[in-house]
2 protein chains.
Amino acid sequence: MSPLRAKILSVATDLFQTRGINSTGVDTIVAVAGTTKMTLYKYFHSKEDLILEVLQQGHQDFQSWLQQKFETNTKKPAEKLQKLFDFIEEWVTSPDFRGMAFLKASAEFPNEENPVHRLSAEQSRQFRQFLASLATEAGIQDTEGLALQLSLLIEGAMQAEQMKRGSGAVKYAKKAAKVLIDNALKS
Amino acid sequence: MSPLRAKILSVATDLFQTRGINSTGVDTIVAVAGTTKMTLYKYFHSKEDLILEVLQQGHQDFQSWLQQKFETNTKKPAEKLQKLFDFIEEWVTSPDFRGMAFLKASAEFPNEENPVHRLSAEQSRQFRQFLASLATEAGIQDTEGLALQLSLLIEGAMQAEQMKRGSGAVKYAKKAAKVLIDNALKS
DNA sequence: CAATAAATATACAAATCTGTATATTTTTAA
DNA sequence: TTAAAAATATACAGATTTGTATATTTATTG
């Protein structure tokens, strides 16, 4: 990928997170990226396209980061679900965390027909599916159910932490997860 | 309150929920409300003021609705925490639910210094405090902890339901809450 | 009816928004 | 060095944004 294109993507990612998507104009993006609108519109057909790519990139980064964490840290299926919350805590409490992108995007584009909203919902679904696969590995019966419950805890904690940095929400989400996982294993 | 002012508030509430706050101009609001900008700016000093009032009104309506539900349905402290999730489900699955206002507002105004963000965070805190008071009534030890955990479930479920109507997230949140409450009562 | 208040119609300022047209400069590659 | 590609500078169109100024019309009240 062209370094200029990558720069635009990274600047847009940052500005969207800190100022909001609708509140960030393309003029601001190119100014911060040190380029011009002509270049931006050469690499992205529209602002909506840029938003969609920012979302996709962000989700992929998150997924890859998680994947790598699991590969280098945890091998036992039973531990994975617990470990996940440690990773999430590390992600959420990192200094430049400013909320989960797809959660915020769906709020800025509430219409379910909107492409940005659709992609956000799809990413949320994918994450839940990933949770379900972990639950399956751990030998859980109602994988879909537990996956949804854990996703509520995680997304809720991300929301809480975005609203107030240092809220410590993930700490409690972790405890709740332990109770729910243990309970699901017993049934 | 002037009926015209009330009309503007109600129209703004609806448009903010369905189209987003930043995507809704005052021109659209007055057009739908059947009035003019002059009137709007007579009752509200600025768009930000209108946003803040919409949030305040919405939160008050939600709180009052909950309060009344508890008064007419539930007297026993031990039952209240469980019942709460029935009420939340009723609220969330009502046909015109379009997400929790303060959650979406904080996403559209990510800056923690922003007045809209501050109010949203305050409302979230108040709701958590209400949960804590219910937990105290029920004889829970770690009231703050359980309140935070339940708030994650509820706000997570609201987020999920806003993202995809009919997701059934509250159903699972309710089950998870039961497990967490039982566990908290045992300790 | 007359005086006061409320609401409207209309127009506009000034800024901002997305997206494009045109021409020039810089970089890359043959 | 020369031709092709990439990036920039600049300007602008057209729409939309919040907020205000001015004048007119409608409602209310004494």
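Naming convention: chains lettered A, B, ... in sequence-line order (proteins, then strands); numbering from 1 in each chain.
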Handout entry: N or O in side chain of B/T35 less than 4.0 angstrom from C/dT8 OP1/OP2
Key = yes

Problem - A/I51 CD1 to C/dC17 C1', straight-line distance once rounded to whole Å - result: 13 Å

Practice task
Please say which of B/F62, B/F130, B/F70 ends up in a ring-ring contact (aromatic ring centres under 6.0 Å, His included) with B/F87.
Solution key: B/F70

Handout entry: Interatomic spacing from CG in A/D142 to CD in A/Q149 - rounded to 0.5 Å
Key = 7.5 Å

Expected rows: protein N/O vs nucleotides 18-21 of chain D N/O, under 3.5 Å:
residue : atom : partner : partner atom : Å
D/dT18  : OP1  : B/K47   : NZ           : 2.9
D/dT18  : OP2  : B/V26   : N            : 2.9
D/dG19  : OP2  : B/Y41   : OH           : 2.8
D/dG19  : OP2  : B/K47   : N            : 2.8
D/dG19  : N7   : B/K37   : NZ           : 3.1
D/dG19  : O6   : B/K37   : NZ           : 2.3

Practice task
Flag the pair A/L66 / A/L84 as yes when at least one side-chain heavy-atom distance between them is below 4.5 Å, and no otherwise.
Solution key: yes

Practice task
Using atom CD1 of B/I8 as one end and atom C1' of C/dT8 as the other, report the distance to the nearest whole Å.
Solution key: 12 Å

Practice task
Just call it for A/Y43: base, sugar-phosphate, or nothing, with non-hydrogen atoms closer than 4.0 Å on any strand.
Solution key: sugar-phosphate

Exercise for the section: Would you check if the side chain of B/E108 reaches a backbone N or O of A/G20 as a donor-acceptor pair within less than 3.5 Å? Expected result: no

Completion exercise
Atom CD1 of A/I29 and atom C1' of C/dG19 are separated, to the nearest Å, by 14 Å

Problem - Minimum side-chain heavy-atom gap A/Q162-A/K104 below 4.5 Å - result: yes

Practice task
Round to the nearest Å and state the distance from A/L50 atom CG to C/dT18 atom C1'.
Solution key: 12 Å

Exercise for the section: Using atom types as modelled and distance alone, determine if a side-chain donor or acceptor of B/H117 lies under 3.5 Å from a backbone N or O of A/M163. Expected result: yes

Polar atom pairs (N or O), protein with nucleotides 25-30 of chain D, under 3.5 Å:
none

Exercise for the section: Decide, yes or no, whether a salt bridge links B/R128 with B/E144 under the criterion of side-chain N to carboxylate O below 4.0 Å. Expected result: no

Fill in the blank from the handout: Only one of B/K76, B/K80, B/K83 passes salt bridge (charged side-chain N to carboxylate O under 4.0 Å, His left out) with B/E137, and that residue is B/K80

Practice task
Report yes if a side-chain nitrogen or oxygen of B/T36 is closer than 4.0 Å to either non-bridging phosphate oxygen (OP1 or OP2) of C/dA9; otherwise report no.
Solution key: no

